[in-house]
**Q** 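First the structure, which I've put down as structure tokens, then a few questions once you've had a look.
Here is how names work: the chains are called A, B, and so on, in the same order as the sequence lines, proteins then strands, and each is numbered from 1.
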2 protein chains.
Amino acid sequence: MSAGHTAVTTPVAGEPVITCETPQDECGVRDVLDRLGDKWSVYVVVELAAGVLRFKELQRAIPGDISQRMLTLTVRRLERDGLVKRTVHPTIPPQVEYELTDMGHSLTHLVKTLADWSIAHRPAIAAARETWDAAHPDSDVR
Amino acid sequence: MSAGHTAVTTPVAGEPVITCETPQDECGVRDVLDRLGDKWSVYVVVELAAGVLRFKELQRAIPGDISQRMLTLTVRRLERDGLVKRTVHPTIPPQVEYELTDMGHSLTHLVKTLADWSIAHRPAIAAARETWDAAHPDSDVR
DNA sequence: CTGCATCCGTACGGATACTG
DNA sequence: CAGTATCCGTACGGATGCAG
């Protein structure tokens, strides 16, 4: 192969092909991961998939104690990307509701796929890790 | 709803439900993201999906100039998780080949789904961003 | 070629205090 | 309640040098 990219070494049958037209192309994958790969975004999507939530509700619903700051940031970014809609009711005390947009809802299928794969392979991965860790007692890889 | 979790506020029709049995459960999603959410793992999977590659080949194939250190780390972690198989040919100079395991190959479908979603919604997201950025001239959210 | 060790800058995220 | 502002520690990742 001339200039190395997406090597066609040993094409596997029945395998979806992820095509990167040009070298140095990110195949679109990097995009999604930059958006959902952070610590909290998926959780926001998951919780909002079930329905409209207020700020505090969202914060309580998300597993793992998200800080107020992080929830604000996360939800703002999702809003900026058109995945979440934010509506403010100018009452006292203020009430702000968050919900997924249509595009946001389309994400749900994606997340479901992720969750399914994870759950299906969790045991196998755990096993692989144990084996590897046993074979490599002192390694900083982790 | 008593103690807030996975609120059942406004269930949406025809929407996959991501169930978290217990509060503070990560629904399995965090697992995958911890594994593929980093900067390079997906690329390794994508390139190896096409066939067996040596270290240098892999490095050249991946878009965005991955450092040698990062490629080593990434590939080691994937190996630890049982997603990548590493075979060493004790020659001079050394020759090391990387390939996906069966489980690794099962990831390809997942990645394809990600890529597809990304490409499909890229324009919409770009538009949403422009709108938002215009409406919020001075914001550190980005 | 493949890989480890080391150093170092930055970006991400947590904690806290303060405002409308 | 729903934020904003600030400070601060750490983990991630890049650059470089050395070794089998």
**Q** Using whole Å, report how far CG of B/L71 lies from C1' of D/dG14.
**A**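 B/L71 atom CG is separated from D/dG14 atom C1' by 14 Å.
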
**Q** How long is the line joining CG of B/D140 and C1' of C/dG13, in whole Å?
**A** 14 Å

**Q** May I have the distance from B/K39 (atom NZ) to D/dG14 (atom C1'), rounded to whole angstrom?
**A**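 It works out to 8 Å between those atoms.
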
**Q** A/D38 has an atom CG; how far is it from atom P of C/dG13, in whole Å?
**A**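 It is 5 Å, rounded to the nearest whole Å.
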
**Q** Side chain of A/R76, heavy atoms from C-beta onward: which of D/dT4, C/dT2, D/dG14 has the nearest atom to it?
**A** D/dT4

**Q** Check whether any side-chain N or O of B/K56 sits under 4.0 Å from OP1 or OP2 of C/dG3, and answer yes or no.
**A**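 Negative; the distance criterion is not met.
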
**Q** In this structure, how many angstroms lie between the P atom of C/dG13 and the CG atom of A/D65, rounded?
**A**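 Checked: the CG to P distance equals 16 Å.
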
**Q** Can you tell me the distance, in whole Å, between the CG atom of B/L73 and the P atom of D/dA11?
**A**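 From B/L73 CG to D/dA11 P: 15 Å.
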
**Q** What nucleotide among D/dC1, C/dG14, C/dT2 has an atom nearest to a side-chain atom of B/P94?
**A** C/dT2

**Q** Angle class for the A/W132/A/H136 ring planes (parallel below 30°, perpendicular above 60°, tilted otherwise)?
**A** parallel

**Q** Return yes if some donor-acceptor pair links the side-chain N/O of A/T101 with the main-chain N/O of A/G82 below 3.5 Å, else return no.
**A** yes

**Q** Counting side-chain heavy atoms from CB outward, which of D/dG14, C/dG13, C/dT2 is closest to B/F55?
**A** C/dT2

**Q** What nucleic acid atoms does A/R69 come within less than 4.0 Å of, heavy atoms only: base, sugar-phosphate, or nothing?
**A** base

**Q** Can you check whether A/R54 has a side-chain N or O nearer than 4.0 Å to OP1 or OP2 of D/dC1?
**A** no

**Q** Report the nucleotide, chosen from D/dG13, C/dG3, C/dG14, that has the shortest atom-to-atom distance to any side-chain atom of A/S67.
**A**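 Of the candidates, C/dG14 comes closest.
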
**Q** Looking at C/dG3, C/dG14, D/dG20, which one has an atom nearest to any side-chain atom of A/M70?
**A**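 It is C/dG14.
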
**Q** Please figure out whether A/P93 or A/W40 has its closest DNA chain C nucleotide nearer the 5' end.
**A**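 Whichever sits nearer the 5' end wins; that is A/W40.
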
**Q** Nearest-Å distance, NE2 (B/H136) to P (D/dT4)?
**A** 11 Å

**Q** Please report, rounded to the nearest Å, how far the P atom of D/dA2 is from the CD atom of A/Q95.
**A** 7 Å

**Q** Could B/D34 and B/R30 be called an ion pair, given the rule that one side-chain N must be under 4.0 Å from one carboxylate O?
**A**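 Salt bridge present between B/D34 and B/R30.
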
**Q** Between C/dC4 and B/Q68, counting only base atoms on the nucleotide and side-chain atoms on the residue, is there a donor-acceptor pair under 3.5 Å?
**A** yes

**Q** Does the side chain of A/R142 get closer than 4.0 angstrom to OP1 or OP2 of D/dC12 through an N or O atom?
**A**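 The answer is no; no side-chain N or O of A/R142 sits under 4.0 Å from OP1 or OP2.
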
**Q** Would you say A/T113 and A/D116 are linked by a side-chain donor-acceptor pair, where the criterion is simply a distance under 3.5 Å?
**A** no

**Q** Look at the aromatic rings of B/H121 and B/W117 and report parallel, tilted or perpendicular, splitting at 30° and 60°.
**A**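 The arrangement is parallel - the two ring planes meet at less than 30°.
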
**Q** Reckon B/Y98 has a side-chain N or O less than 4.0 Å from the OP1 or OP2 of C/dC1?
**A** no

